[in-house]
Protein chains: 2
Amino acid sequence: MSDPFRALADESRRLLLDRLFAENGQSLVKLCDGLAMSRQAVSKHLAILEAANLIAVRKSGREKRHYLNPVPLAKIVRRWIGKFEDVRLVALLDTEAKPPIKRPSAPSRRRRLPASVR
Amino acid sequence: MSDPFRALADESRRLLLDRLFAENGQSLVKLCDGLAMSRQAVSKHLAILEAANLIAVRKSGREKRHYLNPVPLAKIVRRWIGKFEDVRLVALLDTEAKPPIKRPSAPSRRRRLPASVR
DNA sequence: TTGACAGGCAACCTTATGATTGCCTAATCG
DNA sequence: CGATTAGGCAATCATAAGGTTGCCTGTCAA
């Protein structure tokens, strides 16, 4: 799999990216440092990030150094920025156009609680 | 849960956002139109998007209209754009600073393929 | 008022996904 | 050399996530 969105979905992976943003080119064990996770877990996360093309790796002796790849992030970001600008306009226009429809009547607002609420 | 990253991780949800980008304020059934998914599935996806604050809903009679909320997207985007700009520099500097370590020696470059490549 | 329509709730199922453990290979250093 | 260190691979496990089905509530229009 290689979906950058999916790769970004996990907090641990975002944290790993954060660490690489702080210091690029770190090895696996260094990236593990201080994390409450096994080395294998981190390794898998890095593999997913690599598959999503968010990081690149280079072997250096027995170490594997990890480097950020800004390109796909930039792609995502540009795509959603475009959307964002568009929708900001749309949302604005839409809100203005609509006569708020402020609740046709206000009688049966209360609904039985779904038993799983708190 | 309300993690916008996780909300964006699913292709179906991104598609729903696309549809709302194309036409804001659509109802549930309208959003279902043409999708190979049950109404309940779509409903769940919309709930996740709403929990992540990526869309807002307004009841209008028996319909529920869905509106994009650009703010959290913008937040994400800004955060990662900042990172992106930073890392572009870092990556550049890093590449230049390193005397590429071009393979300490060039013998064992070929590695057995991991069976899952392609 | 009755039936069609929009939507919600809950139970259930299947498969991803995140994580662990145990063992193996390959560099590095004393 | 032998011990240590960096990392990989495979099996295994528990839970989350996406999806479905069945049934219920509320709104609208003829």
Side-chain angles (χ1 to χ4, degrees), chain A residues 1-16 25-33 35-52 55 57-66 101 103-117, chain B residues 1-16 25-33 35-52 55 57-66 101 103-117:
Chain A
M1 188 178 307
S2 60
D3 184 343
F5 284 98
R6 269 203 142 77
L8 285 176
D10 186 84
E11 177 60 36
S12 301
R13 287 194 285 273
R14 296 197 294 268
L15 193 144
L16 287 171
Q26 293 182 71
S27 71
L28 173 57
V29 281
K30 191 160 187 191
L31 284 170
C32 286
D33 196 64
L35 292 185
M37 220 186 321
S38 67
R39 178 176 52 83
Q40 280 73 9
V42 175
S43 180
K44 281 193 191 177
H45 282 308
L46 290 172
I48 289 173
L49 289 172
E50 189 188 352
I55 63 177
V57 298
R58 191 192 346 171
K59 284 203 68 175
S60 169
R62 64 176 164 180
E63 291 191 340
K64 192 178 183 181
R65 333 243 348 215
H66 300 78
I101 307 189
R103 287 180 275 149
S105 64
S108 56
R109 281 288 101 182
R110 296 246 52 77
R111 296 183 56 75
R112 135 183 65 97
L113 287 185
S116 66
V117 172
Chain B
M1 185 177 309
S2 60
D3 182 346
F5 285 96
R6 266 202 145 75
L8 285 176
D10 187 84
E11 177 60 36
S12 300
R13 288 194 286 272
R14 296 198 295 267
L15 194 145
L16 286 171
Q26 293 182 70
S27 72
L28 172 57
V29 281
K30 190 159 188 193
L31 284 170
C32 287
D33 196 64
L35 293 185
M37 218 185 321
S38 68
R39 178 176 53 82
Q40 280 72 8
V42 175
S43 180
K44 282 192 189 177
H45 282 308
L46 290 172
I48 289 173
L49 289 172
E50 189 187 354
I55 63 177
V57 298
R58 189 188 352 168
K59 284 202 67 176
S60 168
R62 64 178 162 176
E63 292 191 340
K64 191 178 185 183
R65 333 241 349 216
H66 300 78
I101 306 186
R103 290 176 272 149
S105 62
S108 57
R109 278 288 100 183
R110 296 245 53 77
R111 296 183 56 76
R112 134 182 65 97
L113 287 183
S116 65
V117 172

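Below, chains carry the letters A, B, ... as their sequence lines are ordered, and counting in each starts from 1.
Side-chain atoms of Arg39(B) and base atoms of dG8(C) include a donor and an acceptor less than 3.5 Å apart. One can find a donor-acceptor pair under 3.5 Å joining the base of dG22(D) and the side-chain atoms of Gln40(B). Within 3.5 Å, no donor on the side chain of Lys64(A) pairs with an acceptor on the base of dA6(D), nor the reverse. Not a single donor-acceptor pair, N or O on each side, falls under 3.5 Å between the base of dG8(C) and the side chain of Arg62(B).
Of the two residues contacting DNA chain C, namely Val29(B) and Lys44(B), the nearest-nucleotide position lying further toward the 5' end is that of Val29(B). Residues Met37(B) and Ser43(A) both approach DNA chain D. Their nearest nucleotides, taken by heavy-atom distance, put Ser43(A) toward the 5′ side.
The interatomic distance linking His66(A) (NE2) with dA6(D) (P) rounds to 13 Å, in whole Å. We find that CG of Leu46(A) is positioned 12 Å from C1' of dG7(D), with the value rounded to whole Å. One atom, CZ of Arg6(B), and another, P of dA16(C), lie 17 Å apart when rounded to the nearest Å. If you take NE2 of His45(B) and C1' of dG7(C), they are 17 Å apart, rounded to a whole angstrom. Distance Glu11(A) CD to dA19(C) P: 11 Å, rounded to the nearest Å. Regarding Leu31(A), its CG atom lies at a distance of 19 Å from the P atom of dT5(D), rounded to whole Å. Between the C1' atom of dT27(D) and the CG atom of Leu28(B) lies a distance of 15 Å, rounded to the nearest Å. Counting to the nearest Å, the P atom of dT15(C) and the CG atom of Asp10(B) are 17 Å from each other.
Across the helix from dT1(C)-dA30(D) to dG30(C)-dC1(D), the helix axis at one end is tilted relative to the axis at the other end by 20° (nearest 10 degrees, each axis from five pairs).
With distances taken from any side-chain atom of Glu63(B) to the nucleotides dG7(C), dG19(D), dG7(D), the minimum falls on dG7(C).
For Glu11(A), the salt bridge (charged side-chain N to carboxylate O under 4.0 Å, His left out) test picks out Arg14(A), with sequence neighbours left out.
The two residues Leu28(A) and His66(A) make their nearest non-hydrogen contact at N-CE1, 3.7 Å. Nearest heavy-atom pair, Pro4(A) versus Ser2(A), reported as atom, atom and distance to 0.1 Å: CD-O, 3.1 Å. Of all the heavy atoms in Arg65(B) and Gly25(B), the pair that sits closest is NE-O, 2.8 Å.
Between Ser38(B) and the phosphate of dG19(D), there is no side-chain N or O to OP1/OP2 separation shorter than 4.0 Å.
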List the atom pairs, donor and acceptor, that lie under 3.5 Å between side-chain atoms in residues 39-52 of chain B and the rest of the protein, sequence neighbours left out.
from: His45(B); atom 1: ND1; to: Arg13(B); atom 2: NH1; distance (Å): 3.0

> Would Leu35(A) and Leu16(A) count as a side-chain contact (heavy atoms from CB on, under 4.5 Å) if you check the C-alpha gap in whole Å, the side-chain angles of each, and the deciding distance to 0.1 Å?
Replying inline: CA-CA 10 Å; Leu35(A) 292 185; Leu16(A) 287 171; 4.1 Å; yes
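A side chain to side chain contact (heavy atoms under 4.5 Å, CB included) with Arg6(B) holds for exactly one of Asp10(B), Leu8(B), Asp3(B); it is Asp3(B).
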